[in-house]
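Here is the structure we will look at, set down as structure tokens.
Side chains included, hydrogens not; waters and symmetry mates left out as well; all remaining heavy atoms used.
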Amino acid sequence: MEEPTSGPEPEAPAQAAPGDPTEPVEPKEPWQREGSGAVSTAGPAEPQPIGVGVTPTGEAAVDARLRRLADADHLPASEHLQVYEDVHRGLRDVLAGLDQHPGPPAPSSTTHDNRS
């Protein structure tokens, strides 16, 4: 058998009305949260160049692709991936081209003369 508890029942927390200015609102964006290490602003800042220099390699095709990375400095972060993928694809093509030899293909070393 349960014994009744003595004293008044605990009060339920008061529910704030939507839009009540006393109700704390959690910001949805990381740059709007306090203590996140970022400056709290109303929106994302304009794209800023990160100032990474590119050292020329001496290979014109590679240098052109590396210069393309600077295009990302003027784009929002959501569009950086397209630039990076384009540069990666171009560098991969240049590297694959190093494996190709100009001129006719070399004779296969597996050809045998079956004459006796």
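Put simply, Leu75 and Val54 are part of the same group of oily side chains (I, L, V, M, F, W, Y) that touch within less than 4.5 Å, one to the next. Taken together through direct or relayed side-chain contacts under 4.5 Å among Ile, Leu, Val, Met, Phe, Trp and Tyr, Leu66 and Tyr84 form part of one hydrophobic cluster.
In this structure, the separation between CD on Glu85 and CZ on Arg92 is 9.5 Å, given to the nearest 0.5 Å. Taken to the nearest 0.5 Å, the CZ atom of Arg68 stands 14.5 Å off from the NE2 atom of His88. The OG1 atom of Thr55 lies 9.5 Å from the CG atom of Asp63; values are rounded to the nearest 0.5 Å. A distance of 9.5 Å separates CG in Asp86 from CG in Leu91, rounded to the nearest 0.5 Å. Atom CG of Leu69 and atom CG of Asp73 lie 9.0 Å apart (nearest 0.5 Å).
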